[in-house]
Chemist: 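Structure below; questions to follow.
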Number of protein chains: 2
Amino acid sequence: MQTIVRSDAYLRQKGIKASFQRVSIYEYLQNTTAHPSAAKIFADLHPIIPSLSRATVYNTLNLFVERKIAFPVQVDGAEARFDLCEPHHAHFHCVVCQTIYDIPGEDAGVPEALDGFEVLEAQLHYKGRCPQCR
Amino acid sequence: MQTIVRSDAYLRQKGIKASFQRVSIYEYLQNTTAHPSAAKIFADLHPIIPSLSRATVYNTLNLFVERKIAFPVQVDGAEARFDLCEPHHAHFHCVVCQTIYDIPGEDAGVPEALDGFEVLEAQLHYKGRCPQCR
DNA sequence: ATTCTTGCAAATCATTTGCACTTTA
DNA sequence: TAAAGTGCAAATGATTTGCAAGAAT
């Protein structure tokens with residue numbers, strides 16, 4: 001299957017051994033816009049890969065974050081939710097339905113020199129109610 | 001003591017009963033720029049108020065957040081850290097020393113209409129290395 | 001007196017870890 | 001086959017909860 005081969009190659013190119021579990025998690029992230037939590041990823045993938053363990057989901061996500069393949073979106077005191085790294089965009093978190101939207105127009109626009117500070121990342125995070133929940 | 005009276009009145013005006021614990025935590029937050037975690041607040045206040053319990057620190061912080069007196073700053077997968085609500089400003093999180101700086105110039109600039117979305121809050125969060133840690 | 005707050009200990013939830021087993025390159 | 005990844009279960013850490021006792025109005 002082409003997709004598998006491609007994800008496979010992509011991970012390998014990032015210096016990551018492309019296990020079935022890792023490829024599955026990577027493709028799961030590719031095919032959703034829901035910014036799923038580790039628990040959600042596990043819940044959805046476990047029926048398909050019955051041997052999958054929570055620890056592997058966490059290990060894999062941590063690895064992806066470390067290698068800049070994915071990054072965590074922190075919402076309040078809740079569990080981390082994950083997004084593939086893509087061109088800078090802001091996030092909108094609906095406090096009613098808990099959906100996290102990508103806001104592609106708004107750019108967190110990384111570093112204007114903050115005089116003395118070395119800026120590695122910038123995140124712009126909105127919170128409010130989405131069109132469905134107003 | 002004047003300060004006590006003032007914090008007292010401020011909390012009451014926000015509809016909060018001004019217990020000794022709450023006033024202490026409020027003033028602790030007023031007198032620091034360190035964006036302390038609940039654990040840090042407890043560690044620093046416990047020697048002064050030996051009866052203070054962790055639960056009260058958490059209860060109080062949650063109450064402050066609910067009443068918009070304080071808000072949590074989420075850093076990676078770590079514990080929440082707290083800041084008094086003040087005119088919008090960005091945060092800079094040093095990944096080396098874990099200090100969180102207020103960046104008053106940079107404004108998360110709340111809501112330009114996001115077409116259909118009702119924006120209640122906007123946060124701008126930088127990550128990198130601070131002048132001491134570069 | 002009634003109502004709200006506190007403190008303690010136990011509970012919960014997300015995440016991590018240790019270790020024996022399995023898979024990948 | 002060597003090196004790295006996986007799964008399980010137990011451990012950890014942050015935060016919450018239930019409840020009895022204490023303080024404020």
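Computed from a predicted model, the values in this text were never measured in an experiment. Quick note on labels: first sequence line is chain A, next is B, and so on, each numbered from 1. Excluded from the calculations below are hydrogen atoms, water molecules and symmetry mates; all remaining heavy atoms, backbone and side chain alike, are included.
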Chemist: Give the nucleotide from the list C:dG7, D:dT6, D:dT16 with an atom nearest to the side chain of B:Asn62.
Modeler: D:dT16
Chemist: To the side chain of B:Ala55, which of C:dT15, C:dG7, D:dT6 is closest?
Modeler: C:dG7
Chemist: If I take atom CD in residue A:Glu66 and atom P in nucleotide C:dT16, what distance separates them, rounded to the nearest angstrom?
Modeler: 12 Å
Chemist: Whole Å only: how far is the CG atom of A:Leu63 from the C1' atom of C:dT17?
Modeler: 17 Å
Chemist: Side-chain N or O of B:Ser53 versus OP1/OP2 of C:dC8: is the shortest distance under 4.0 Å?
Modeler: no
Chemist: Of the candidate nucleotides D:dT15, D:dG7, D:dT6, which contains the atom at the shortest distance from the side chain of A:Ser51?
Modeler: D:dG7
Chemist: Name the closest nucleotide to the B:Glu79 side chain, picking from C:dG7, C:dT6, D:dA14.
Modeler: D:dA14
Chemist: Could you check whether A:Ala18 gets within reach of a base, just the sugar-phosphate, or nothing at all, counting any heavy atom under 4.0 Å?
Modeler: sugar-phosphate
Chemist: At under 4.0 Å between heavy atoms, what does A:Ala78 touch on the DNA or RNA strands: base, sugar-phosphate, or nothing?
Modeler: nothing
Chemist: State whether B:Tyr58 places a side-chain N or O below 4.0 Å from either non-bridging phosphate oxygen (OP1 or OP2) of D:dT15.
Modeler: yes
Chemist: Rounded to whole angstrom units, what separation is found between the CG atom of A:Asn59 and the P atom of D:dC8?
Modeler: 13 Å
Chemist: Could you pull out the closest heavy-atom pair between B:Pro36 and B:Leu29, with the gap in Å?
Modeler: CG-CD2, 3.9 Å
Chemist: Could you state the NZ-C1' distance from B:Lys40 to D:dG13, rounded to the nearest angstrom?
Modeler: 18 Å
Chemist: Check the side chains of B:Ser7 and B:Glu27 for a donor-acceptor pair under 3.5 angstrom, ignoring hydrogens and angles.
Modeler: yes
Chemist: When you measure from the side chain of A:His46 to the backbone N and O of A:Asp44, does any donor-acceptor pair fall under 3.5 Å?
Modeler: no
Chemist: Of the options C:dT17, C:dG7, C:dT6, whose atoms approach the side-chain atoms of B:Ser19 most closely?
Modeler: C:dT6
Chemist: Rounding to an integer number of Å, can you tell me how far A:Leu52 CG sits from D:dC8 P?
Modeler: 9 Å
Chemist: To the nearest Å, give me how far apart CG (B:Leu11) and P (C:dT5) are.
Modeler: 12 Å
Chemist: Considering just the side-chain nitrogens and oxygens of A:Arg54, establish if one lies under 4.0 Å of OP1 or OP2 belonging to D:dG7.
Modeler: no
Chemist: Do the ring planes of A:Phe64 and A:Tyr26 sit parallel (below 30°), tilted (30 to 60°) or perpendicular (above 60°)?
Modeler: perpendicular
Chemist: Please give, in whole Å, the distance from D:dT15 P to B:Ile41 CD1?
Modeler: 10 Å
Chemist: I want to confirm an ordering. Mapping B:His46 and B:Arg22 to their closest nucleotides on DNA chain C, which one lands closer to the 5' end?
Modeler: B:Arg22
Chemist: Do you see a donor-acceptor pair shorter than 3.5 Å between the side chains of B:Gln74 and B:His125?
Modeler: no
Chemist: When you check the phosphate oxygens OP1 and OP2 of D:dA23, does a side-chain N or O of B:Gln21 lie under 4.0 Å from one of them?
Modeler: no
Chemist: Counting heavy atoms from C-beta on, name the nucleotide in D:dA14, C:dA25, D:dG7 closest to the side chain of A:Lys17.
Modeler: C:dA25
Chemist: To the nearest angstrom, how far is B:Asp76 atom CG from D:dA14 atom P?
Modeler: 14 Å
Chemist: Just checking, is any N or O donor in the side chain of A:His93 or A:Gln98 under 3.5 Å from an acceptor N or O on the other one?
Modeler: yes
